[in-house]
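Everything on this sheet refers to the single structure shown next.
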Amino acid sequence: MTDRNLELFERAKRVIPGGVNSPVRAFKAVGGTPRFVQRAQGAYFWDADGKRYIDYIGSWGPMILGHGHPAVLEAVQKAALDGFSFGAPTEREVELAEAILALVPSMDMVRLVSSGTEAGMSAIRLARGATGRSKILKFEGCYHGHADALLVKAGSGLATFGNPTSAGVPPEVVQHTLVLEYNNIQQLEEAFALHGKELACVMIEPIAGNMNFVRASVPFIKRCSELCTEYGALFVFDEVMTGFRVAPGSAQQVYARSIPGFEPDMTVMGKVIGGGMPLAAFGGKRAVMEQLAPLGPVYQAGTLSGNPVATACGLATLAEISKPGFYEDLGRKTQSLISGLQAEADKAGIDFCGDSEGGMFGFFFFKELPQNYAKVMTTDNARFNTLFHGLLDRGVYIAPALYEAGFMSAAHTDADIAETVAAAGDVFKLL
Ligand SMILES: Cc1ncc(COP(=O)(O)O)c(CN[C@@H](CN)CCC(=O)O)c1O
């Protein structure tokens, strides 16, 4: 049987660097040939050889409804008939902005852009413009897109390449970026004591999906928020991955359950809000957001920002996830996957732990959940690679890098989950 994936990969590598348009897709961390997706439907995709996979990546988060949801497809087809892009305002981007703000009340206003990187980059510039300060603080293992100032010890992609920073980023650009250990309150206190008055913002992935799945502890989030308020820095929640993925009000709603009244100062979003089309956003309180052009001095722009077809896709997606019981059902399925995997690992006598929130999950070959990047980096890669390929051979597609989270969709059935758990049970015996 010809391996069309291999043929396509060889052809791709002749014209696209590494044969991919985003590094993690190249299977560099796990080896082997990337699967070229021919089509996708519901919880599945079929590769270039027509082989079916149960998809736990879902485009790295956007496909929370599953692929090809009829209501979303219809909305996109209808919008496309009215025009692809105008470079002028449309009612639909107002509707989407209103829908986002209704679900995430910490924001008074939101600006739509085309990617999470663009949203994160713009949020940093806005925080710097609004505070008049240059320094920013991020945490090891968190990835906020590939803007120069943020490409410092990112946990996604770069972690896989074992390269804590990227070539091409001038040292003077990252000299303003402080990088601390995730969940380390002592370091946080020290950094604020030293630099608090120079900090424009602290940016964090509240549940870090770029070092697989590591939760920020409640005390850590609380302390970040308190110190930002005390020193006048903005607390920026990067919810590109967790936004509408872990709860209807995103991760900030999860933390507000334990920290009464908690709100980040700004939120960065992406993935789910575009439903699989290029759409992301950043938002915050009115006083900060009105610093943005054309009102204020902080410039930010985009030809395809608020794209009329992408906003239709996003609106239709948000309409579906807003239906009663959506997150209860999604969370139940994700939990059943993790507990199924745990049971199989226990049977096979291997150290395993997993965690999930809403439709996002992760797991490790450890007895206990890691709390930071350094611990995650002690993972036995060979063991993960055996699991990855064992599952792939059995038609189950998880992230081709241990430093990535997994994603459940509303389209996954209990039968899909049972099939996944059985496949993992087979592979765990080989570890
Ligand atoms: C928390 C967080 N913030 C920002 C980004 C960047 O978003 P994009 O520019 O890729 O749309 C991401 C992107 N996530 C990766 C997956 N770990 C996208 C996959 C890829 O890079 O190909 C993110 O997870």
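Indexing begins at 1, ligand by ligand and atom by atom, following the structure's order.
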Self-check item: R25 N/O under 3.5 Å from ligand 1 N/O
Solution: no

Self-check item: Chi angles and distances behind the side chain to side chain contact (heavy atoms under 4.5 Å, CB included) call for Q252, M107
Solution: CA-CA 11 Å; Q252 52 197 270; M107 297 190 279; 5.6 Å; no

Quiz item: Hey, does V214 have a side-chain heavy atom less than 4.5 Å from the side chain of F364?
Solution: yes

Quiz item: In ligand 1, which numbered atoms sit nearer than 4.0 Å to a non-hydrogen atom of G145?
Solution: 4 (C), 5 (C), 6 (C)

Practice problem: For ligand 1, note which part of K271 has a heavy atom under 4.0 Å away: side chain, backbone, both or neither. | Solution: side chain

Quiz item: Counting heavy atoms only, which of V268, T117, I207, L279 comes nearest to atom 9 (O) of ligand 1?
Solution: T117

Practice problem: Check whether any side-chain N or O of Y53 sits under 3.5 Å from a backbone N or O of R35 as a donor-acceptor pair, and report yes or no. | Solution: no

Self-check item: Ligand-side contact atoms (ligand 1) for residue partner S22, heavy atom cut-off under 4.0 Å
Solution: 20 (C), 21 (O), 22 (O)

Quiz item: Is it the side chain (CB and beyond), the backbone, both or neither of E205 that lies under 4.0 Å from ligand 1, heavy atoms counted?
Solution: side chain

Exercise. Please state which part of E118 comes within less than 4.0 Å of ligand 1, counting heavy atoms only: side chain, backbone, both or neither.
Key: neither

Quiz prompt | Residue pair R125 / Q300, side-chain donor-acceptor N/O under 3.5 Å | solution = no

Quiz item: Which atoms of ligand 1 sit under 4.0 Å from any heavy atom of E404?
Solution: 16 (C), 17 (N)

Quiz item: Angle class for the F363/F361 ring planes (parallel below 30°, perpendicular above 60°, tilted otherwise)?
Solution: parallel

Quiz prompt | Side-chain ion pair, R11 and E7, N-O less than 4.0 Å | solution = no

Quiz prompt | Distance-only N or O hit between ligand 1 and N210, under 3.5 Å | solution = yes

Self-check item: Under 4.0 Å to a heavy atom of M241 - the qualifying atoms of ligand 1, by number
Solution: 17 (N), 24 (O)

Quiz item: At a 4.0 Å threshold, what atoms of ligand 1 neighbour a non-hydrogen atom of V24?
Solution: 20 (C), 22 (O)

Exercise. Over 60° means perpendicular and under 30° means parallel, so classify the ring planes of F220 and Y182, tilted if in between.
Key: tilted

Quiz item: Any N/O of H144 closer than 3.5 Å to an N/O of ligand 1?
Solution: no

Quiz item: Is T317 reaching over with its side chain to a backbone N or O of C313, donor-acceptor style, under 3.5 angstrom?
Solution: yes

Self-check item: Closest non-hydrogen atom pair between L234 and M266, with its separation
Solution: CD1-SD, 4.0 Å

Exercise. Could you list the atoms of ligand 1 found under 4.0 angstrom from a heavy atom of D238?
Key: 1 (C), 2 (C), 3 (N), 4 (C)

